[in-house]
Every structure is written in C-alpha cells, then in structure tokens.
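One structure is given below, encoded as structure tokens.
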Amino acid sequence: MPELPEVETTRRGIAPHLQDQRVDAVTVRQPRLRWPIPADLAQRLKGQTILAVKRRAKYLLLETAKGHLLIHLGMSGSLRILSAGTPAQKHDHLDLVLANGRLLRLTDPRRFGAVLWCEGEPLAHELLRSLGPEPLGSEFDPEHLYRATRGRKIPIKQCIMDNKVVVGVGNIYASESLFLAGIRPGIAAGRLSRARIETLHGCIRQVLAAAIEQGGTTLRDFVGGDGKPGYFAQQLNVYGREGEPCRVCGTAIRQIVQGQRSSWYCPHCQH
DNA sequence: CCCGATTCCTGTAGGC
DNA sequence: TGCCTACAGGAATCGG
C-alpha cells in the first residue's frame, strides 16, 4: 500500500530510466481508475520528453514541456520499468513506451489510483492545491503540528492522517509513529501537550525517513520501479501485530477501529 | 469549519 | 474443494 515512502521509492527507481526520454507511444488498456484517464492523453504526451520526475505528497509528477502527468498509486498501484514488448497482464492499465526501448507500466488491481494530465503549474491543480506540508520538509515543524491540533477533538491518529495537516502519512506509518512517540491513537489531538506534539513530530519524520531508507514497506505486493520489494515491514512495531508481543515490553499489541480504519498500539508503552 | 460515514475496486483470508 | 462474506485501504465527497 503505497504511502509516502513507497511513492518516493518508486520515484527514485523510475527516474533514472525516464529522465530525458521521449515518449514514443502511450497504451491505455483500462481508463477507468479513480478518475478516468483522459481520452486525449496519448495525443498530449506522445513525442514529449520527460524532463524530470518529481513527487508531491503521494503524487508522482512527470514533467514535460507541455504539461505534467500526475500519477497516484492509490492503494494497490505500482510502476515498473520493463523492456518494450513485455506482454501485458491483467491489471496492467497503462504503458508509456520510451525512445530507449523500455516502457513505464502502471499496474493497479484495485484501481484506486489515478493518471491525470495537467497543463500549467501542477501544484495549483485542484487535487494538489490544498495539501498540507511535506512531512520531511522544513515547513512541517513542531509549531505547525501544534497549531494544527489545537481545538481538535478527533483522535490524534486520524489527525496525522489528514492531508491538510501533513501529507503522506497513511495507516501504517501513523500507527508506527504513535508507537515511537508513546501516544495512544485514540487521544483527542487537541489534548496533547506541546512537548508530546514535538515528540510526535520527530517520530513521524524518523519513521518516514527510515522507511524510505529501507525501500518502503511491502505487505503484499508493493514493488519499486526495479520490481524489488521494500524491507521496512521487518521493522514494524505494531501495524498488523494484534495479539503479538510488543518488541519493547512484551505486552500483547491491541487492535482498535477508528474512523473505519484499524489502529494498533501497545497498551503498556503508549498512553 | 468540523467531523463521521460512504464510496470507488478486487484479491485474499476465514468460516462453513 | 468451493462458495460466500468480510476486510483491507487513499482520499474525495456528502450529510449533519
């Protein structure tokens, strides 16, 4: 499930293969994703050279002189670099055939992902415009998180998963950050002290940075641009570990449901 | 504005 | 073995 570390891992994997490459052909097999792939995508993109591969939140931005291709991996999407001519399989929805004889292929069984074309400033696109700060950027500082939590009654876990507060923190890393910070997921965001918010801020950055270093988390089928899985799953302390012993104190990890999402925590280490 | 519920989709796991 | 159901999840959107 691509959260920010998986998207960043993907970006790093595919960028060297796409940089300065011309798109010779575009194949759309299944346009019905989260939103339809634009019918005129091939016409817009064909012949364009990819100038840069950037990321904002969980969106990948392929820059060309005419516009940007925005790609979101949803929860089951992955992008891979393959040899042109590699047979397509089920759920292979989009290919960009490159001048160097390779192709960029989007696979997404659950089709929660998106592929959109954007002319003009991509950060002004309606889907990107009102996103919160990057968790690893300087704009996301303790003071920002403190202000964003004041007066809010929602559980802190749901608060840090809110894209307007900070982007890129999904279910896995929210649970893991709260474990490291020693904070129970159900506590009202606004009731946390400044000191605890500062701790949490540091833990969010620490967890995301470590996950990127490990190439992301592969639970089922995530692979980077090179087809390899990520290794952060080995370092998960609470996510998906209901009933298993806490790695710190041995107490059984608990699972609760918040906002239609599972959360896990250690009842001894987190308060 | 704030918050909770619903929605999209399909592979997988668990129950019988 | 096979059918059926529940569940997973990012994030927009709707309703209160």
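Residue numbers start from 1 in every chain, and the chains themselves are labelled A, B, ... in the order their sequence lines are given, proteins ahead of strands.
Judged as a ring pair (Phe, Tyr, Trp, His ring centres under 6.0 Å), and not counting sequence neighbours, A:His91 has no contacts.
Considering only the side chain of A:Glu3, C:dG10 comes nearest among C:dA12, B:dT10, C:dG10. Checked against B:dG4, B:dT10, C:dA11, the side chain of A:Gln158 finds its nearest nucleotide in B:dG4. Minimum atom distance to the side chain of A:Ile154 is reached by B:dC3, of the listed B:dG11, B:dC8, B:dC3.
With rounding to whole Å, A:Asp162 atom CG is found 11 Å from C:dA11 atom P. One can place CG of A:Leu73 at 17 Å from C1' of B:dC8, the figure rounded to the nearest angstrom. Atom-to-atom, CG of A:Asn163 to P of C:dA12 comes out at 6 Å; the value is rounded to the nearest Å. Rounded to an integer number of Å, the gap from A:Ile156 CD1 to B:dC3 P is 12 Å. Here the C1' atom of nucleotide C:dC7 and the CE atom of A:Met75 are 10 Å apart, to the nearest Å. The interatomic distance linking A:Arg32 (CZ) with B:dC9 (C1') rounds to 10 Å, in whole Å. Counting to the nearest Å, the C1' atom of C:dG10 and the CZ atom of A:Phe112 are 8 Å from each other. Distance, A:Arg34 CZ to B:dT10 C1': 16 Å, rounded to whole Å.
If you check the side chains of A:Lys58 and A:Asn163, you find no donor sitting under 3.5 Å from an acceptor.
Connection of A:Ile37 to A:Ile50 is established within a shared hydrophobic cluster, with ILVMFWY side chains joined at heavy-atom distances below 4.5 Å, either directly or through further cluster members.
Near DNA chain B, meaning a heavy atom under 4.0 Å away, there are no residues from residues 115-133 of chain A.
Judged by the 6.0 Å distance and 45° axis criteria, A:Arg34 is not positioned over the aromatic ring of A:Phe112. Cation-pi contact between A:Arg241 and A:Tyr239: absent, since separation from the ring centre below 6.0 Å together with deviation from the ring axis within 45° is not met.
Note on A:Lys58: a side-chain N or O is less than 4.0 Å away from OP1 or OP2 of C:dA11. Side-chain N/O atoms of A:His91 include none lying less than 4.0 angstrom from OP1 or OP2 on B:dT10. OP1 and OP2 of B:dT10 both lie 4.0 Å or more from every side-chain N or O belonging to A:Ser76. Here A:Tyr239 reaches the OP1 or OP2 of C:dG9: one of its side-chain N or O atoms lies under 4.0 Å away. Contact annotation: A:Arg152 reaches the phosphate of B:dC3 (side-chain N/O to OP1 or OP2, under 4.0 Å).
Sequence order on DNA chain B of the closest nucleotides to A:Gly151 and A:Arg261 puts A:Gly151 first from the 5' end.
Residue A:Lys90 is classed as a sugar-phosphate contact, given heavy-atom separations below 4.0 Å to backbone atoms only. In this structure, A:Arg111 reaches the sugar-phosphate backbone alone: every heavy-atom distance under 4.0 Å involves primed, P, OP1 or OP2 atoms, never a base. In this structure, A:Asp108 reaches neither bases nor backbone, as no heavy-atom distance under 4.0 Å exists between it and the strands shown.
A distance-only check finds a donor-acceptor pair linking the side chain of A:Arg247 to the backbone of A:Leu236 [under 3.5 Å]. A side-chain donor-acceptor contact under 3.5 Å links A:Glu3 to the backbone of A:Ile172.
The base of C:dA8 lies close enough to the side chain of A:Arg110 for a donor and an acceptor atom to sit less than 3.5 Å apart.
Under the 30°/60° scheme for interplanar angles, the aromatic rings of A:Tyr59 and A:His72 are found to stand perpendicular.
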